[in-house]
Amino acid sequence: MSTTEVLQPSTGPETGAEAPRRSGSFWGDVFRRVRKNPAAWVGAIVVLLFILVAALAPWLAPYAELDTPGREHLRPTSLPGPGDLAEFPLGIDRFGGDVLSKLIWGAQASLLIGVISTFFGLAGGMVLGAIAGAFGGWIDGLIMRIVDILLSVPNLLLAVSIAAILGRTPLAIMIAIGVSQVPIFARLLRSSMLGQRSADYVLAARTLGLGTGRITMTHLLPNSVGPVIVQATLTLATAVIDAAALSFLGLGGGRPETAEWGRMLTYAQNELAIAPSLAFLPGVCIMITALGFTLLGESLREAMDPRTRKR
Amino acid sequence: MLRTIGRRLLLLIPTLFGLTVLLFFWVRALPGGPAAALLGERATPEAIERINEAYGFNRPLPEQYITWLGKLVQGDFGNSIETRRPVLEEFMNRFPATIELSVFALIIAVGIGVPLGYWAARNHGRWLDHLSVGASLLGITIPVFFLAFMLKWAFAVQLGWLPTTGRQDRGVDATHFTGFYVLDGVLTGEFDASWNAIVHLILPAVALATIPLAIIVRITRASVLEVVNADYVRTGRAKGVSKQIIRNRFVLRNAMLPVVTTIGLQTGLLISGAVLTETVFAFPGIGSFLANAIFARDFPVLQGFVLFIAVAYALINLLVDISYSIIDPRVRIQ
């Protein structure tokens with residue numbers, strides 16, 4: 001069982017018809033199953049909270065993003081930690097920034113990088129996968145070889161190398177992570193579409209004289225996209241962690257006091273002995289966010305899996 | 001068997017070839033070209049011109065590519081911009097440290113992960129099972145560098161039990177000839193040097209092992225659960241085969257196939273994780289070298305690293321495939 005196999009769609013919509021079901025559609029059935037899964041609820045709530053905090057950051061955060069209001073409290077050998085000062089509930093960092101504010105702004109940065117990079121990966125992967133799956137033959141072969149080349153380097157290192165060359169900007173990180181995700185989505189969509197290509201309704205459409213492009217867009221794609229969307233939820237978790245890793249390595253660019261979880265960890269390194277909470281808090285934020293997306297994605301996948309659906 | 005290996009190695013060639021094409025154009029796409037990256041802050045138009053002339057960056061692209069590829073084939077990855085030494089030599093000096101770290105991490109991950117996954121499956125549905133599944137879920141979502149931080153803080157900074165950085169204390173009198181410090185100590189009889197190196201390895205190796213460990217637990221558990229209900233296990237029980245034989249030969253051996261695949265896939269994670277872990281612990285391996293190269297935009301090092309890792313990754317996965325046929329003779333027939 002390889003990763004690709006694990007990622008492969010175990011079901012298409014028409015397989016769902018065999019499973020006992022109460023609601024009318026495949027997605028209705030999936031939704032019903034997800035709703036009964038407590039893990040899915042935990043995941044959904046965490047994700048929702050994360051999105052809310054990120055979206056409302058300008059109103060929630062006590063201080064502006066690059067503000068350093070705590071500068072007069074800085075001492076060479078100590079930093080006010082959580083609970084030490086009333087106006088900075090989670091303490092201040094080496095720059096004099098309010099940790100609570102930076103964590104909130106960091107949620108926004110993570111959400112943006114995670115969503116945009118996954119969007120890049122999804123878009124690139126879907127275009128490649130759809131072309132490969134729709135045309136087959138040598139086009140399929142060529143595209144899959146390109147995907148193999150991208151897969152020949154471990155995911156995160158591919159992202160690191162791309163970002164290193166593109167330069168130290170947030171956009172570079174998004175593109176880098178996006179490109180490193182392309183292979184997963186391309187392979188997933190392709191295999192999902194190949195499973196659909198021989199379906200009766202496609203044959204029917206072809207008999208009616210529809211062209212490859214039309215069949216792909218109106219029949220194959222909508223019916224194959226489910227597993228890809230689920231994978232995107234799971235990929236968001238990886239994207240958040242990878243983004244933190246890249247900015248931890250110093251690839252994010254911008255000013256050192258930029259509010260970003262990975263970046264906060266980089267600078268927490270020097271304060272580990274006097275202010276471990278500077279490393280602890282952003283790390284926990286990354287973990288909780290990744291956990292939320294993972295729980296949600298895994299429950300979705302489980303709900304769509306025919307092997308568990310029959311139970 | 002040999003034919004399969006040969007075929008796999010041949011298939012590697014087009015992939016690596018494609019990778020060199022990507023890497024070549026990727027550096028040429030740098031803002032200001034490779035000359036600007038070489039010069040860094042000192043990039044004046046005249047200086048760029050001079051570098052372009054000296055390194056042949058103004059030659060036609062296909063010609064440059066062929067020249068570069070020709071050198072690559074001979075093992076010449078170019079010189080590092082930062083250290084001005086050959087990239088391959090730099091890798092070879094640091095690679096043993098990374099291998100040593102990864103091997104230790106793998107031993108921890110497999111040594112704990114497989115028994116834990118088996119044990120969780122045998123206690124399926126009880127709280128022990130839920131606990132190990134929950135813990136492995138946390139293990140998947142924890143960023144490796146964060147975990148490295150926390151371990152460093154707890155065991156090195158707070159408790160002071162283990163060293164915070166490095167591979168070996170400066171004061172230790174050790175002879176190095178293989179580059180594997182633990183092995184060197186054993187071979188030369190300097191056991192205290194070996195021990196010192198092991199002590200330095202513990203924290204980074206545990207940090208690096210945790211994510212693969214979590215994944216191995218999950219896969220082993222799922223795989224064992226699938227196998228214990230197989231017909232041949234029931235038949236074995238009915239025939240009165242002893243518990244040990246059922247466990248070792250019937251269940252574990254059959255359950256190992258997906259686990260071995262996973263372990264092979266983990267090597268990718270392991271190499272990526274090593275880059276981050278080595279940075280946190282200032283461990284002088286290939287990963288911390290890369291982290292510096294990123295800052296300096298040391299493109300010969302980056303290019304070399306990607307190729308180097310791609311080859312290593314492919315070879316490891318080949319080894320994994322070979323091990324299938326040892327574990328499961330049924331694979332050989334196909």
Side-chain angles (χ1 to χ4, degrees), chain A residues 1-6 39 145-146 148-168 237-238 240-242 244-246 248-251 261-262 265-266 268-269 272-274 276 278-280 282-295 298, chain B residues 12 14-16 18-19 21-23 26-27 29-31 37 137-138 140-147 149-150 152-154 157-158 164 219 222-223 257-258 261-262 264-265 267-273 275-276 279-280 290-291 293-295 297-299 302-303 305-306 309-311 313-314:
Chain A
M1 192 165 49
S2 67
T3 307
T4 41
E5 237 174 277
V6 173
R145 287 300 80 72
I146 296 173
D148 280 348
I149 292 170
L150 289 178
L151 280 174
S152 71
V153 183
N155 210 305
L156 180 65
L157 292 181
L158 185 66
V160 167
S161 332
I162 295 173
I165 288 299
L166 289 178
R168 282 173 233 157
T238 328
V240 168
I241 296 177
D242 284 0
L246 260 58
F248 172 72
L249 285 173
L251 286 164
W261 295 340
L265 275 163
T266 313
Q269 248 174 132
L272 210 50
I274 57 169
L278 286 181
F280 187 70
V284 168
C285 286
I286 300 169
M287 265 185 81
I288 292 177
T289 309
L291 193 66
F293 282 114
T294 307
L295 283 175
E298 296 245 334
Chain B
L12 184 60
T15 308
L16 285 178
L19 198 61
V21 174
L22 279 186
L23 284 172
W26 167 57
V27 165
L30 281 173
L137 192 64
L138 280 184
I140 288 174
T141 52
I142 194 166
V144 59
F145 52 99
F146 172 54
L147 182 69
F149 263 138
M150 288 296 108
K152 185 174 166 180
W153 175 73
V157 177
Q158 285 296 311
T164 49
I219 301 288
S223 178
L257 210 55
T261 314
T262 314
L265 288 167
T267 52
L269 253 180
L270 221 52
I271 302 169
S272 324
V275 173
L276 295 161
T279 312
V280 173
L290 179 80
I294 291 170
F295 264 111
R297 284 175 120 199
D298 195 341
F299 70 86
L302 287 168
Q303 281 177 320
F305 181 79
V306 171
I309 293 304
V311 173
Y313 198 35

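Each chain gets a letter, A, B and so on, in the order the sequences are listed, and its residues count up from 1. A quick note: this is a predicted structure, and the numbers were derived from the prediction, not measured.
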Identify which part of A:Phe280 has an atom lying under 4.5 Å from any heavy atom of chain B, answering side chain, backbone, both or neither.
both

Portion of A:Leu158 that has a non-hydrogen atom of chain B nearer than 4.5 angstrom
neither

Evaluate the criterion side-chain contact (heavy atoms from CB on, under 4.5 Å) for residue pair B:Thr15 and A:Leu151; output intermediate values, then yes/no.
CA-CA 10 Å; B:Thr15 308; A:Leu151 280 174; over 6 Å; no

Chain B heavy atoms under 4.5 Å from A:Ile288: which part of the residue, side chain, backbone, both or neither?
neither

side-chain contact (heavy atoms from CB on, under 4.5 Å) with A:Ile241: which residues, sequence neighbours excluded?
A:Ile286, A:Ala290, B:Pro143

Examine whether an atom of A:Thr294 lies under 4.5 Å from a heavy atom of chain B, and if so say whether it belongs to the side chain, the backbone or both; otherwise answer neither.
side chain

Go through the atoms of A:Ala237 and report whether side chain, backbone, both or neither lie under 4.5 Å from a heavy atom of chain B.
neither

Look up atom CG in B:Leu302 and atom CD1 in A:Ile162, then write down how far apart they are to the nearest 0.5 Å.
11.5 Å

Going by heavy atoms in the side chains, are A:Leu156 and B:Leu276 under 4.5 Å from each other?
yes

Measuring from B:Ile140:CD1 to A:Thr238:OG1, what's the distance to the nearest 0.5 Å?
10.0 Å

Going by heavy atoms in the side chains, are A:Ile149 and B:Leu22 under 4.5 Å from each other?
yes

Between B:Tyr313 and A:Pro154 the two heavy atoms that sit nearest each other are CD2-CD, 3.9 Å

Non-hydrogen atoms of B:Met150 and A:Pro276 that approach each other most closely
CE-O, 4.5 Å

Please flag which part of B:Val311 lies under 4.5 Å from any non-hydrogen atom of chain A: side chain, backbone, both or neither.
neither

What's the spacing between B:Leu23 CG and A:Ser161 OG if we round to 0.5 Å?
8.0 Å

Please determine, among B:Ile142, B:Leu16, B:Ile309, B:Val275, the option with the most heavy-atom pairs under 4.5 Å with chain A.
B:Ile142

Chain A heavy atoms under 4.5 Å from B:Ala314: which part of the residue, side chain, backbone, both or neither?
neither

Stepwise, does the side-chain contact (heavy atoms from CB on, under 4.5 Å) test hold for A:Val284 with B:Phe146?
CA-CA 9 Å; A:Val284 168; B:Phe146 172 54; 4.2 Å; yes

Sequence-distant partners of B:Phe145, ring pair (Phe, Tyr, Trp, His ring centres under 6.0 Å), two or more places apart:
A:Phe248

Do B:Leu290 and A:Leu249 make a side-chain contact, defined as non-hydrogen atoms from C-beta onward lying under 4.5 Å apart?
no

